[in-house]
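Some notes on the structure that comes next.
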Amino acid sequence: MILVLKKDATPRQEARLLAYLEQLGLAVTREACEGSAVWLLSGGAEWVDSGLLSSLPMVESVLPTADPLPLASRRSHPSDTVVQVGEASIGGGRFCMMAGPCTVESEEQLLSVARSVKASGAQLLRGGAYKPRTSPYDFSGLREKGLELLRKARRETGLPVVSEIMSAADLPLFEDIDVLQVGARNMQNYDLLRALGRCHKPVLLKRGSAATVQELLLSAEYILAGGNKNVILCERGIRTFSGGVRSTLDLTAVPLLHELTHLPVIVDPSHATGKSRLVPPMALAAVACGCDGLLIEVHNDPLHALCDGGQALLPAEFADLSRRVAALLEVVRR
Ligand code: PEP
Ligand code: MN
């Protein structure tokens, strides 16, 4: 960590600061640069609260020297991470389509959607069993029964399944679920992230609706720091002030994340837009800017869906979108 002192810092202030830093156990190397004192702190400086140091009256600024993302950053790991889920590869120039209902509602609903998305080329089946709902009075999922139906759909179709986990305490129930989704609301649930870091299963980490790209990467770092290298990032829209849509789909995040990290980046245009007619154009835009996959909500009867019916594509609409995505990939990857 580097401290730049104010030009008018008095020798007395400098002496007091030095004594304080040394009392914290830090080694201080003092230099001068353009009339300011510049101090390099080492010997455990990563544990010191930089906010506290920058609040001291004689301190102009505090600059970090250590990489805040030693595991997630592209600098630390230049080649793309490819997450393998059954036969699907996510990242490293491969494209993965994930689709299914927002919520598992019944055997008939899930199997019908699973068969149709598989026929249209989806490689993973999504479906929520434990649903985070903004209102406590809304349908919050079939829970264990929902996971059971996902296993059944996997047996029938061969598609690996992705489902949201909300609490580390539920991990034993998700033991044979192929990909564990961390929803936007839980992106900064650090106990959950740490528990997922210890479990070595692919994790689909969604960006929080008010989170910066840097915060998303720091959440991924929690999982990586536990030893789990299988992290897939998902841009799903951020809090908007544009009327008529659920969120603003921040597509800038896709190429930016590809620059900053080696982890695969997928896009969820369903939750970003909240409107089924806006899903195909935003899905195609996401493909055009280089995402590694899409997460799309599909329902066989959206008008009677228990959750997110307004943003669900019909199976035929999903089939059409899949064809257009395949055609666009040919152009984008040429
Ligand atoms: C979901 O994928 O069903 C979901 C709840 O998404 P998000 O966490 O992005 O709101
Ligand atoms: Mn949903």
Side-chain angles (χ1 to χ4, degrees), residues 96-105 109-110 113-114 117 122 124-136 138-143 146-147 149-150 161-167 170 174 177-189 192-193 196 202-211 213 215-216 219-220 231-240 245-251 253-254 257 265-276 278-279 282-283 286 291 293-314 318:
C96 182
M97 192 65 121
M98 312 178 189
C102 175
T103 306
V104 178
E105 296 171 12
Q109 170 242 20
L110 185 64
V113 174
V117 298
L124 258 72
L125 174 66
R126 66 147 287 147
Y130 290 76
K131 294 298 303 175
R133 300 305 301 273
T134 305
S135 162
D138 287 340
F139 175 65
S140 61
L142 295 180
R143 305 175 79 83
L147 294 178
L149 293 176
L150 283 166
V161 293
V162 45
S163 198
E164 176 161 354
I165 182 163
M166 292 199 289
S167 158
D170 293 337
F174 282 72
I177 298 301
D178 303 282
V179 180
L180 306 182
Q181 176 173 316
V182 176
R185 295 160 182 81
N186 268 317
M187 188 203 87
Q188 289 178 312
N189 178 341
L192 177 61
L193 300 178
L196 295 174
V203 175
L204 195 168
L205 177 64
K206 290 186 137 193
R207 179 178 179 184
S209 73
V213 161
E215 286 163 343
L216 172 63
S219 290
V231 180
I232 304 157
L233 303 174
C234 179
E235 164 58 39
R236 47 76 72 206
I238 49 176
R239 178 67 79 194
T240 190
V245 284
R246 205 167 165 178
S247 304
T248 288
L249 182 56
D250 178 15
L251 285 180
V254 176
L257 282 166
V265 181
I266 68 161
V267 170
D268 169 356
S270 305
H271 290 89
T273 60
K275 289 199 163 72
S276 60
L278 301 180
V279 170
M282 296 319 291
C291 68
L294 290 168
L295 182 68
I296 308 275
E297 287 192 346
V298 179
H299 200 289
N300 55 335
D301 182 10
L303 286 178
H304 295 100
L306 294 179
C307 181
D308 286 350
Q311 67 195 35
L313 296 187
L314 284 161
F318 177 71

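Please read all numbers here as calculations on a predicted model, not as lab measurements. This chain uses plain numbering: 1 for the first residue, then up along the sequence. Atoms within a ligand are numbered from 1 in the order they appear, just like the ligands themselves.
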**Prompt:** Would you say S163's side chain and G127's backbone share a donor-acceptor pair under 3.5 angstrom?
**Reply:** yes

**Prompt:** Is there a donor-acceptor contact under 3.5 Å from the side chain of E164 to the main chain of P132?
**Reply:** no

**Message:** Tell me which N, O or S atom from E297 is the closest to the Mn ion (ligand 2).
**Reply:** OE2

**Message:** Tell me which N, O or S atom from D308 is the closest to the Mn ion (ligand 2).
**Reply:** OD2

**Item:** R207 and E215 ion-paired at < 4.0 Å
**Value:** no

**Prompt:** Does K131 come within less than 4.0 Å of D308, counting only side-chain N to carboxylate O?
**Reply:** no

**Message:** So, applying side chain to side chain contact (heavy atoms under 4.5 Å, CB included) with V182, which one of N189, L193, V231 is it?
**Reply:** L193

**Fill in**
One should read off an interatomic distance between R236 CZ and M187 CE, to the nearest 0.5 angstrom, of 11.0 Å

**Prompt:** With a cut-off of 2.8 Å, does any N, O or S atom of C102 fall short of it relative to the Mn ion (ligand 2)?
**Reply:** yes

**Item:** Residue from Q311, K206, R126 passing side-chain hydrogen bond (donor to acceptor under 3.5 Å, both in side chains) with D268
**Value:** K206

Could you pull out every N or O of ligand 1 that sits under 3.5 Å from a protein N or O, with the distance for each pair?
unit_1   : atom_1 : unit_2 : atom_2 : d
ligand 1 : 2 (O)  : R126   : NH1    : 2.8
ligand 1 : 2 (O)  : Q181   : NE2    : 2.9
ligand 1 : 2 (O)  : K206   : NZ     : 2.8
ligand 1 : 3 (O)  : R126   : NH2    : 2.9
ligand 1 : 3 (O)  : K131   : NZ     : 2.7
ligand 1 : 3 (O)  : H271   : NE2    : 3.4
ligand 1 : 6 (O)  : K206   : NZ     : 2.9
ligand 1 : 8 (O)  : A184   : N      : 2.7
ligand 1 : 9 (O)  : K206   : NZ     : 2.8
ligand 1 : 9 (O)  : R236   : NE     : 2.6
ligand 1 : 9 (O)  : R236   : NH2    : 3.4
ligand 1 : 10 (O) : R185   : NH1    : 3.2
ligand 1 : 10 (O) : R236   : NH2    : 2.8

